[in-house]
Amino acid sequence: MMRSLYSGVSGLQNHQTRMDVIGNNISNVNTVGFKRARVNFQDMISQQMSGAAKPTDEVGGVNPKEVGLGMTVASIDNVFTQGNLQSTGISTDLAIQGNGFFIMKNGEESFYTRNGAFSLDMNGTLVNPSNGMRVQGWMARELDGEMVVQTAATPTDLTIPVGSKDPAKETTNINYACNLNKNTPEIMEGASAADIAKATWNTEQKIYDSFGNEHLLSISFTRVPGNPNQWQATVNVDADNADFTQTRIGLGTTDGMENTFLINFDNYGLLESVTDSVGNVTNPEGSVVLQASYTVPESNAEGEGNPYRQTMNINLGTIGSAVNTVTQSASKSTTKAYFQDGYTLGYLDTFKIDSTGTITGVYSNGTNRTIGRIALATFTNNQGLEKAGDNTYVESINSGMARIGESGVAGNGSLLAGALEMSNVDLSEQMTDMIVTQRGFQANSKTIQTADTLLETVLSLKR
């Protein structure tokens, strides 16, 4: 008799626990990155009234007689299914599509979350604005003139250098890939200025000196009379001020050279060789790179009578190749200097985050700089994590250690900037579970009421 009472009590208590979990799920239906929980029940130990008996020659086997003593909560699991992604348009909002957690730091203590509603604090540090926890990742470092992110290092705070300067950089490399029209007429003796203009193809490209001042590099190509596959190129920096800039160009050196060189093409219109003004000729194969120098206006002299001259490499392409190389074809001449690496002083305008978690700064001078990369953590057993409040988790002895890596690598999910992952709570499912839980609670209360009625009947036997 008493067993049924206590079985009913266990049912009431544990259905109330399930109702608590359902209520928490519903209350967090709009919590960013929230993962719903579920309750699993199991029966408690049973009281054995008689044991089992094995078959004999005379009779068959007998099953055990057991009376259950109620039920208990087997587990409360966090369900880490993917939530829907909602676009916000805020560049610091991040959503994880797939496996992984953001790593947050409070002092030396690590927390893990799927909530990517981040912003910058007054120091430019990427944080969760609700609690000040700092987002972890790797800051880029400059190696050999390039910004490199070393993801094998220990993650640190991510700081965006808002308003930082990108110093001016002089142009050191220019790549050309123009075409020279095979049918361009040669310059004949006594040709007029108009005829000379028709036989010359001019290219222009902006370049920058070490101060960030802009200059105009012009290279004019003219057919060489009597040689159908040879052109003479004349190089000038700021042609209107050519007497001052004194542009010089050559193969391997620019000392004492003129500002002209010869380009030779083969019978397929491909680059064959280049000869500078003193007779230096390129190798039979490989890239063709000439060195050009010019005097920088308003610069300190390098010794008495030696004005400061700046040097740059002019790359005409690869001998025998038609890809990104100067060519000669019976087609309209084209101007294509497709790369130069100089720029003026700039300031950080904005930044963007791509699917790999790489933070790229966009500067007012048109340059892009890698600032850092956001780190993600994964666990062998996500359900072993312990909730720590503020929509965060911490490691437990059954979750396994955090495996830290970059987005999209070793099972880590990808990132989507300008979006947030919504709660994975399904209201229709929770409402259905609420109805089932309510019915279970009511049924267990009826068990207690009925057992009480039976006890009352027993007590009334003696009057």
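Side chains of Asn391 and Thr113: a donor-acceptor N/O pair is absent below 3.5 angstrom, by distance only. Looking at Asp349 and Ser364, their side chains never bring a donor and an acceptor atom within 3.5 Å of each other. Inspection of the Thr311 and Gln291 side chains reveals no N or O donor paired with an N or O acceptor under 3.5 Å. Donor-acceptor pairing under 3.5 Å is recorded for the side chains of Thr88 and Asp93. Using a 3.5 Å distance cut-off with no hydrogens or angles, the side chains of Arg403 and Thr380 do pair a donor with an acceptor. With no hydrogens or angles considered, no side-chain donor-acceptor pair links Thr247 and Asn259 at under 3.5 Å. A donor-acceptor pair shorter than 3.5 Å cannot be found between the side chains of Ser396 and Asn398.
Heavy-atom neighbours of Leu143 CG from other residues, nucleotides or ligands within 6.0 Å: above the threshold of 12.
Nearest heavy-atom pair, Val296 versus Gln310, reported as atom, atom and distance to 0.1 Å: CG2-CB, 3.7 Å. For the residue pair Arg114 and Asn99, the shortest heavy atom distance occurs at NH1-C, 3.9 Å. Heavy atoms only, all atoms of each residue included: Ser333 and Thr184 are closest at OG-OG1, 4.3 Å. Across Ser287 and Thr318, no two heavy atoms sit closer than the pair OG-OG1, 3.9 Å. Residue Thr360 comes nearest to Ile371 through the heavy atom pair C-CD1, 4.3 Å, listed as atom of the first residue, atom of the second, then distance. Closest approach of Val39 and Ile76 over heavy atoms only: CG2-CG1, 4.2 Å.
When side chains are defined from C-beta on, Lys35 counts as touching Glu421, because their heavy atoms get closer than 4.5 Å. Residues Thr447 and Ser7 are not in side-chain contact: their nearest non-hydrogen atoms beyond the backbone lie 4.5 Å or more apart. Side-chain contact check for Leu385 versus Asn78: every heavy-atom pair is 4.5 Å or farther apart. Looking at Thr72 and Gln42, their side chains come closer than 4.5 Å, going by heavy atoms from C-beta outward. The side-chain heavy atoms of Thr159 and Asn123, taken from C-beta on, include no pair separated by under 4.5 Å. Residues Arg373 and Ile359 fail the side-chain proximity criterion, which asks for heavy atoms closer than 4.5 Å. Within the 4.5 Å cutoff, no side-chain heavy atoms of Phe101 are placed close to those of Thr392. The shortest distance between side-chain heavy atoms of Glu204 and Thr335 does not fall below 4.5 Å.
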Derivation and outcome, side-chain contact (heavy atoms from CB on, under 4.5 Å), residues Arg248 and Arg309: CA-CA 10 Å; Arg248 297 290 181 264; Arg309 294 183 63 80; 3.7 Å; yes
Salt bridge (Lys or Arg N to Asp or Glu O under 4.0 Å) evaluation trace for Lys105 with Asp157: CA-CA 8 Å; Lys105 279 281 190 178; Asp157 298 343; over 6 Å; no
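Tested against Phe102, the residues Phe118, Phe111, Tyr393 include a single ring pair (Phe, Tyr, Trp, His ring centres under 6.0 Å) partner, Phe118.
In this structure, the ring-ring contact (aromatic ring centres under 6.0 Å, His included) partners of Tyr294, at least two apart in sequence or on a different chain, are His215.
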